[in-house]
Amino acid sequence: MIYSKEFYSILSKERKISFYSYTFSLLVNIPANATWKQNGVTIAGGHEQGGATNQLYWPGGLFVDDDQTVVIADHANHRIMQWKNGDTTNGQVVAGGKGQGNGLHQLNQPTDVLIDKETDSLIICDRWKGRVVRWSRRSGTTQGEVLIGNICCWGLAMDEQRYLYVSDTKKHEVRRYQLGKENGTLVAGGNGKGDGLNQLNWPRYLFVDRDHSVYVSDKKNHRVMKWNKGAKEGIVVAGEQGQGNALTQLYHPQGIFVDTLGTVYVADQGNNRVMRWTQGAKQGTVIVGGNGSGAGPNQFDVLVGLSFDRHGNLYVVDTNNHRVQQFSIK
């Protein structure tokens, strides 16, 4: 018997199956008129920069599991931290944390992380070592293994077939990899640095939808691009009106997320705000932030990672405040 995607969506939300469990975010339904509380709650870090278990130091990308466990690339601490839902006091080091280095037991300024439920492991962009590594989440793990080497990676995504997508800021491209193989297939960019529709300029974070379309935060072009599967060029879905703070503009976009309606959510780093762009819109709306740079509950100081949980609550990595903020959906 063949069931519809809607059927699997309902079941996965009830956590009765795990077919989409490692990419559950693809199935987050957010109402078109949804709003969020404007004051965020710190659910990780927030105790100034440092290397203690209650601290973060320039955190980058994050992944929110279906039980609201948050896994964070703790960039300047060279480690991956896990903060369980409800425990905002201390996190747990789940990879790295052995100082900056190139050993398999170390990380070197990681920028992004995701969870592969199939193997119960973390996949990490180990930025300054130029590699993508995998660490088991099982107790007693002391080192990782290299999946992809010699790559200036930044962002990661995985589709429901467990293909891995990686952005490369040196080659200005995104490739799709079969786990266990080092040679990837080009899916976005790859035509040198530039602002053409077939180009990228410092691609950062990624999102892959159910149709295997790849969304890329094209940082230095101040836009978000969508590359349909097999396309030779992308489509601008947010920004591209130059650097600025108008509702038609972005300023160094970072983390991105796409809901089931095709609405794009963007961490607009230079403007310290999170924006929502509906499908086909020529301008976005500010959903949180936009109140200047600061450490208040309604402010950010350089936001980077962005995600949602399956309930529609928003999570934002507030890098220079060394914290992760949660904004509850109303």
Side-chain angles (χ1 to χ4, degrees), residues 51 56-63 71-81 93-116 119 121-136 141-158 162-194 199-208 214 216-221 227 252-256 269 304-305 317 319:
L56 298 168
Y57 191 178
W58 292 346
L62 82 166
F63 186 92
V71 180
I72 307 158
D74 194 9
H75 181 74
N77 279 323
H78 317 292
R79 66 187 185 183
I80 304 299
M81 295 293 291
V93 180
V94 289
K98 303 296 184 181
Q100 181 178 11
N102 302 327
L104 289 177
H105 66 296
Q106 295 175 302
L107 296 173
N108 195 334
Q109 299 187 28
T111 53
D112 204 7
V113 60
L114 59 81
I115 297 174
D116 177 10
T119 58
S121 61
L122 303 168
I123 297 178
I124 304 161
C125 171
D126 194 17
R127 167 71 180 177
W128 291 108
K129 180 54 182 172
R131 63 189 183 184
V132 176
V133 298
R134 176 166 59 193
W135 283 62
S136 172
T141 299
T142 58
Q143 66 179 42
E145 60 177 319
V146 178
L147 294 178
I148 305 167
N150 193 29
I151 182 172
C152 291
C153 61
W154 196 280
L156 303 169
M158 183 178 280
R162 296 182 64 241
Y163 281 93
L164 182 65
Y165 298 72
V166 187
S167 63
D168 187 323
T169 60
K170 183 177 181 180
K171 295 181 179 178
H172 307 282
E173 67 182 24
V174 180
R175 287 186 176 268
R176 181 182 68 237
Y177 295 84
Q178 186 175 350
L179 289 176
K181 296 187 177 180
E182 287 236 2
N183 295 321
T185 302
L186 183 70
V187 294
N191 295 293
K193 178 173 67 174
Q199 295 177 301
L200 298 168
N201 189 349
W202 275 74
R204 289 295 179 100
Y205 293 97
L206 306 174
F207 191 95
V208 180
V214 181
V216 188
S217 57
D218 192 9
K219 181 184 175 184
K220 292 196 175 181
N221 283 326
W227 291 65
H252 289 165
Q254 295 273 12
I256 54 177
Q269 182 186 74
V304 177
V317 176
T319 299

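Bear in mind that the values here come from a model prediction, so they are computed numbers and not experimental data.
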Give the minimum heavy-atom separation between Val174 and Val216, together with the two atoms involved. CG2-CG2, 3.9 Å
Does some side-chain heavy atom of Val304 sit less than 4.5 Å from a side-chain heavy atom of Gln269? yes
Specify the closest pair of heavy atoms between Trp58 and Thr319, including all atoms of both residues, with the distance to one decimal. CA-CG2, 3.6 Å
Taking side chain as C-beta onward, heavy atoms only, is Gln199 less than 4.5 Å from Asn191? yes
Does the distance from a Lys or Arg side-chain N to an Asp or Glu carboxylate O, for Arg162 and Asp116, drop under 4.0 Å? yes
With heavy-atom distances below 4.5 Å as the criterion, would you say the side chains of Arg175 and Val166 are in contact? no
Looking at Asn102 and Lys129, what are the two nearest heavy atoms and their distance? OD1-CD, 3.3 Å
For Ala95 versus Ile124, what's the shortest heavy-atom pair and its separation? CB-CD1, 3.8 Å
Of all heavy-atom pairs linking Tyr177 and Glu182, the shortest is CE2-O, 3.1 Å
Using modelled atom types only, decide if a donor and an acceptor are shared between the side chain of Asp168 and the backbone of Lys171 within a distance under 3.5 Å. yes
Heavy-atom side-chain contact between Thr169 and Lys219 under 4.5 Å: no
Kindly indicate whether the side chain of Val187, heavy atoms from C-beta on, has any atom under 4.5 Å from the side chain of Tyr163. no
Distance from Ile80 atom CD1 to Leu62 atom CG, nearest 0.5 Å? 11.0 Å
Closest contact, heavy atoms only, Ser121 versus Ser136: CB-CA, 4.0 Å
Could you give the distance from CZ (Phe63) to CG (Asp112), rounded to the nearest 0.5 Å? 10.0 Å
Over 60° means perpendicular and under 30° means parallel, so tell me whether Trp154 and His75 are parallel, tilted or perpendicular. tilted
Once you round to the nearest 0.5 Å, how far does CG of Leu114 lie from CD1 of Ile123? 5.0 Å
Sub-4.5 Å side-chain heavy-atom contact between Val317 and Gln254: no
Quick one: does any side-chain atom of Ser167 pair with a main-chain N or O of Arg204 as donor and acceptor, under 3.5 Å? yes
